[in-house]
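Have a look at the structure below, then the notes.
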Amino acid sequence: MEMKEQLTSLKEEAMKQIKDSHDLKALNQVRIDYLGKKGPITEISKGMKKLPSEEKPVVGAMVNDVRTAITEEMDKQKEELERQALQEQLMSETIDVTLPGTAVAKGQGHVLTQIMEEIEDLFLGMGYQIVEGPEVEEDSYNFERMNLPKDHPARDMQDTFYITDDILLRTQTSPVQARTMDTHDFSKGPLKMISPGKVYRRDNDDATHSHQFHQIEGLVVAENITMADLKGTLEVFAKELFGADREIRLRPSYFPFTEPSVEVDVSCFKCGGKGCSVCKHTGWIEILGAGMVHPNVLEMSGIDTDKYSGFAFGLGPDRVAMLKYGIEDIRRFYQNDIRFLNQFKVKE
Amino acid sequence: MNVSYKWLTEYVDLEGITPDELAEKMSRTGIEIEGVDYPSEGLKKIVVGHAVEVVDHPDSNHLHICQVDVGEEVLQIVCGAPNIAAGQKVIVALPGSRITGNKKIKKGKMRGVVSNGMICSLEELGYTDHVVPKKYAEGIYVLPNEAVPGEEVFSYLSMDDAILDMSITPNRADALSMRGTAYEVGAIYNKKVTFPELDYVEDPSEDIKQDMQVSVENPADTPIYSIQIIKDVTVKESPLWLQTKLMNAGIRPVNNIVDITNYILLEYGQPLHAFDYDKLGSKEIYVRRAKAEEKIVTLDEEERTLSPENIVITNGEKPIALAGVMGGLDSHITDETVTVALEAALFDPISIRKTAKALNLRSESSARFEKGINLATVQEAGKQAAAWMAELAGGRIVSGIAEARSVEAKDVTVSITLEKINHALGTELSEDEVTSIFDQLGFDASISNGTFAVIIPPRRWDIAIEADLIEEVARIYGYDNLPSTLPISASHPGYLNEKQRLTRHTKHFLEGSGLSQAISYVLTTPEKAAAFSMRESDRIQLEMPMSEDHSTLRMSLLSGLLDDLSYNIAHHNQNVALYENGRVFYTSSEQTLPIEEEHVAGALTGSLQQADWQGKEQRIDFFVIKGILEEMFAAYGLVEPITFVQRTDLPLLHPGRTAAIMLGDEMIGFAGQLHPSVAKERDLKETYVFEFNFQAIVNAEKHATIYQPVPKYPGMSRDIALMVDETVSNKQIVEVIKENGGKYLTAVHLFDVYQGENIETGKKSLAYTLSYLNPTATLVEEEVSKAFDKVQSALVEQVQAEIR
């Protein structure tokens, strides 16, 4: 039994040395020391032939167990040491994560385009078409078809750039509506459209006036269109563009191509209606003009006013952007200073 | 129009309704009130003073030392006004008071003399120059003698009023008067409106026929023309109540006769004109169109040259007034006037509008004639004015009215069904509800079989069709009370059309490539408008531009983008990459309107990627923009190929660094370096630009994505380096490689170009990777080698390449 004891103590010793090996080299030395050809375990195996034959299998099994245990322990320790070595190596590769990331060249859509596309997408979702038209228009489409005959006092409301007596830069996107009403086939369904685009007025440029700006107008003509439909549509619109908590109110107004005509206020999106500098302490911001399409306008497009009615609305993306972001000068939109353009990164 | 709250209360009971509440209610139901002004707001301790003694200041040639009784005490005040005199009742700002502009008045000394306050002009109380009577324009204001020293001045001057700034839209000219406004207020509060009885007494001893005959050339121009004669008037200052009413409305008091005409203008909205009868030069008035080049000197002492667009009032021979716009200087009321010829008329709105516009003479009168007046009160307004002239100027009204009239005021009946009203508004109003709304508006409405017959009085000449009635019902019922619904109709999908879809794609691509979207001015200078134009076209110019800078429609987007670049560079933004999508404009011989063509353009300078701690900056050069464009064009799926062809002849561009962008055989745009001398003119550095006709892309034939299965077998590649003459282009070499590459050659990738040291002058070295793939089997080494050898020998043979 001397051998058995010897093996047990050898195993304990080996285990301890394995645990104390702090690198692969030391671990390898332990292997050589215990399991090598000249190691004690090999020695014991060699000495087994001197043993009585009934003890041989017992000691033999024990030798194998010890060998296996040591080998397993060594593998485990080796794995641990490798893990530690890798960890050390990785730690030595540490970078400063606060260094700036590799820049990506990324441009921005113009803030006015962002606002217009947001509105376009909302109305596309409600089954409207986006229709464009000429920026250089005939007087008849820009004014007369909008129920504004020549020498009508309301023409003073819009100073106009004329190219000839009959050709002008459109002052509103409404002529697109007249052109579309002319060609729309009502037997194929209602007309639901929005027309975004540039418009022009004969104005001196300053912080609040620009001779070039943008408009989006909407038009629905169908059977059974009511003013309540207009109100409902504008409510959806206001909530989408300015937030779910927004309310609207209608105030009577005048546009030649609608009757009744209303101006539409949205509860202030800065203060929520309590009153602040943005809403001039009224709690409301004027944002849209709207109304029921004037029967003259429908009739000029050959639409039967006994059967069809419609509503129209319009707003200025420039004004919306100025209010929404507190932009102080309308000329900023057209100077295209990159310090201005590149601010509008957040896609709302 | 400025509306006095106090004046309004003469016609309609506003008990319990504050001016602010009234303003809010009016804005919400019909007429926008832009603001309410309280004239006395911010002013305090301003009282009536009695100047008991006025002596000259010993050390000044214009100051006076005044002893002023302000009720409880007599204050010494130094005053510099030239019109101060002992015995006057004046406006005194006491020590510690506040005058306009929140200016505080303190005790002080003026040239050594104690001054306890200030004697004020109207301007110092906040009146604007153009309403202060001329007499007091250069000095202090003098109150009537009955003013009591020590009392606040505000009630004397009607400054304890509230003035509503009414913004009247062209359709509501009926409210351009105090009476019209009173009807409106009565309607929205459902209150009765009352007006004072007309106290009009003619002198039966004289008949107007002896003094005046009127006739008109064209009844369409002048449907109503009437003259009354008031004799023995004394022209003088108006009583204070009348002056303050005018001043609160923003009109300068002149004298009692002129003030009365203005007062009636405000009360009725009826413009009147008073002539000095004795200066007419005849007993006849004839209203006609002016002759060409006919002249008149108007009240403002300007000589006006007339045209047949203008209606003139003549004495039978020459013009004495510009109808509805301005009187003539020769016959205007002066202090010496004793007989007044008073005109009350109706003129054609369009002619008045044209005259006022052509002569740049917009007045309170012309504005009302342009927008329409109440036919029913033309004569009543004239009579009321005559009555006031009798009362305030001691005049006698000659009996009878000289008149030429071709229209009569009539009620108009407009019919509408209840169903139509509810249908238009989306409401469920009952007959009773609608009837009571009409009643509130003062319209008699009867109903039979669901149809209302609504009688509209002449004072609401804006109402003629069903839609007008619907609007009236809607606003009185209240927009807040309307339901909210969404249109119910056959649903059909909304979608972007081809152009809109491609536009969005292009924008996203360019933004993803580092370019920001610019929106530039479409109007530019004539010179810039034509620069970079890709078509022959005349310039399209405005008739009356505001400035030369914005006078002509652009024929290229680059015109604006280069302005944007200059702006950025001037503001020290060195690295700028902008694109724009929008229209350019060309003249057309085939259509009335110009051709509007959608373009996309870009202008870039500096670097797209700044140098950072990891590496070098990516300077913008020709190949940066070409790379962006190639990738973008690839995504359109164009059937015809896009190619870049060297061009040395494009104006304003670098002759050696410019390419035409070709779609098939058609040039659709260009890309290149801005000519350095053009860049220098605009203070720009090295700048690269591109512009192309986007409409051509929209119109071009396109293919969808063509899917190919991912290869199952591995490919192989071979590198080749070669030296050629520097005149040999990459395109030539790639063509040779492709022609001779065999059926398994899938890609040719240029990975190096070198010229310089170790290379013979006039030569360049290029290196390509050739990729091979057999989609149906694993490639065999020999096949590739054989194909590659063929390429090598072709290059040697065809472009005299030296394989390295």
Side-chain angles (χ1 to χ4, degrees), chain A residues 99-100 102-103 105-110 112-113 123-125 127-130 134-136 138 151 153-154 161-163 167 189-190 198 202 204 211-212 220 222 225-229 231-233 235 249-254 259-260 262 292 294-295 309 333-339 341-342, chain B residues 27-30 169-171 350 353 370-371 424-426 467 470-471 474-475 479-480 482-487 489-494 500 507 510-511 514-522 540 542-543 546 550 564 567-568 571 573 576-578 583 585 592-594 596 608-609 612-614:
Chain A
L99 284 171
T102 308
K106 177 77 177 70
Q108 296 302 323
H110 196 284
L112 293 175
T113 313
F123 283 99
L124 283 172
Y128 288 59
Q129 296 293 312
I130 304 170
E135 290 174 27
V136 180
E138 292 170 44
D151 297 309
F161 282 127
Y162 279 92
I163 289 168
I167 298 188
K198 290 192 180 79
R202 199 168 177 279
N204 271 318
H211 72 273
Q212 168 182 307
V220 172
I225 294 295
T226 71
M227 194 145 186
D229 294 335
K231 196 176 168 187
T233 301
E235 264 169 16
R249 68 172 192 186
L250 309 182
R251 279 183 294 109
S253 187
Y254 168 73
E259 185 169 23
V262 287
M292 302 305 289
H294 197 288
S309 54
F333 295 128
Y334 305 105
Q335 283 160 347
N336 300 303
D337 188 320
I338 50 165
R339 294 167 300 175
L341 296 178
N342 290 345
Chain B
S27 289
R28 296 300 309 283
T29 48
T169 51
N171 63 324
I350 291 174
R353 178 179 160 80
E370 270 185 43
K371 292 167 186 166
L425 300 178
I470 291 166
E471 180 164 50
R475 70 187 186 93
Y479 289 114
D480 287 346
L482 289 187
S484 279
T485 52
L486 286 176
S489 61
S491 77
H492 57 134
Q500 290 157 354
K507 284 166 50 357
L510 291 170
E511 284 155 24
L515 283 72
S516 283
Q517 188 190 23
I519 300 180
S520 312
Y521 290 121
V522 169
I540 303 170
L542 300 179
E543 262 183 352
M546 294 296 278
H550 302 298
D564 302 338
Y567 183 92
N568 275 289
H571 290 80
N573 302 327
V576 189
L578 296 175
R583 295 186 190 160
F585 301 82
T592 340
L593 293 177
E596 300 187 15
L608 207 49
Q609 203 73 274
D612 65 12
W613 61 279
Q614 282 188 301

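This is a predicted model, so every value here is computed, not measured. Residue numbers begin at 1 in each chain, while the letters A, B, ... track the order of the sequences.
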Check: Please walk me through it: do B/His550 and A/His211 pass side chain to side chain contact (heavy atoms under 4.5 Å, CB included)?
Finding: CA-CA 9 Å; B/His550 302 298; A/His211 72 273; 3.6 Å; yes
Side-chain heavy atoms of B/Leu578 within contact of A/Ile338, under 4.5 Å: yes
| Is any side-chain heavy atom of A/Asp229 closer than 4.5 Å to a side-chain heavy atom of B/Leu486? | no
Turns out that what part of B/Pro493 lies under 4.5 Å from chain A's heavy atoms comes down to backbone
OG (A/Ser253) and CD (B/Glu471) are apart, to the nearest 0.5 Å, by 9.0 Å
Heavy-atom closest pair (B/Leu482 atom, A/Met227 atom, distance to 0.1 Å) is CD1-CG, 3.7 Å
Interface check, chain A: of B/Ile350, B/Ile540, B/Val576, B/Asn573, most non-hydrogen pairs under 4.5 Å belong to B/Asn573
Ranked by heavy-atom pairs below 4.5 Å to chain B, first place among A/Met292, A/His294, A/Glu138 goes to A/Glu138
Value for CD (B/Glu543) from CZ (A/Arg202), rounded to nearest 0.5 Å, stands at 10.5 Å
Practice problem: Say whether, by atom type as modelled, one donor and one acceptor occur between the side chain of B/Asp612 and the main chain of A/Thr102 under 3.5 angstrom. | Solution: no
Whatever's closer than 4.5 Å to a heavy atom in chain B on A/Tyr162 counts as both
Exercise. Going by heavy atoms in the side chains, are A/Thr226 and B/Thr485 under 4.5 Å from each other?
Worked result: yes
May I ask you to decide if B/Leu515's main-chain N or O and A/Gln108's side chain share a donor-acceptor pair within less than 3.5 Å?
no
One should read off an interatomic distance between B/Ile519 CD1 and A/Lys198 NZ, to the nearest 0.5 angstrom, of 6.0 Å
Counting heavy-atom pairs under 4.5 Å with chain B, the top scorer among A/Asn204, A/Val136, A/Thr233 is A/Val136
Between the CD1 atom in A/Ile167 and the OG1 atom in B/Thr592, the distance rounded to the nearest 0.5 Å is 6.0 Å
Under 4.5 Å to a heavy atom of chain A? For B/Glu370 that would be both
Cut-off 4.5 Å, heavy atoms of chain A, and the answer for B/Ala424 is backbone
Turns out that what part of A/Leu341 lies under 4.5 Å from chain B's heavy atoms comes down to side chain
Applying a strict 4.5 Å limit to non-hydrogen atoms, the region of B/Tyr567 in contact with chain A is side chain
Nearest heavy-atom contact between A/Pro252 and B/Arg475 is CG-CB, 4.4 Å
Most heavy-atom pairs under 4.5 Å with chain B, out of A/Gly107, A/Ser309, A/Gly125, belong to A/Gly107
Bottom line for A/Pro134: the part with an atom under 4.5 Å from chain B's heavy atoms is both
CD1 (B/Ile470) and CD (A/Glu259) are apart, to the nearest 0.5 Å, by 8.5 Å
Query raised in the report: Can you check whether A/Glu135 reaches B/Arg583 side chain to side chain, under 4.5 Å on heavy atoms?
Result: yes
Interface check, chain A: of B/Pro594, B/Ala474, B/Ala467, most non-hydrogen pairs under 4.5 Å belong to B/Ala467
So, the part of B/Asn171 with a heavy atom under 4.5 Å from chain A: the answer is both
Cut-off 4.5 Å, heavy atoms of chain A, and the answer for B/Arg353 is side chain
The interface call for A/Asn342 against chain B, heavy-atom contacts under 4.5 Å, is side chain
When rounded to the nearest 0.5 Å, the distance separating CD of A/Gln335 from OG of B/Ser520 is 11.0 Å
Turns out that what part of B/Asp480 lies under 4.5 Å from chain A's heavy atoms comes down to both
What one should report as the nearest heavy-atom pair of B/Gly426 and A/Ala228 is CA-CB, 4.1 Å
B/Gln517 meets the side-chain hydrogen bond (donor to acceptor under 3.5 Å, both in side chains) criterion, sequence neighbours left out, with A/Thr113, B/Asn581
Closest non-hydrogen contact found for A/Tyr254 with B/Pro170 is CD2-CD, 3.3 Å
Does any non-hydrogen side-chain atom of B/Tyr479 lie less than 4.5 Å from one of A/Lys231?
no
Checked B/Ser516, B/Ala577, B/Ala518, B/Gly30 vs chain A; the most non-hydrogen pairs under 4.5 Å come from B/Ser516
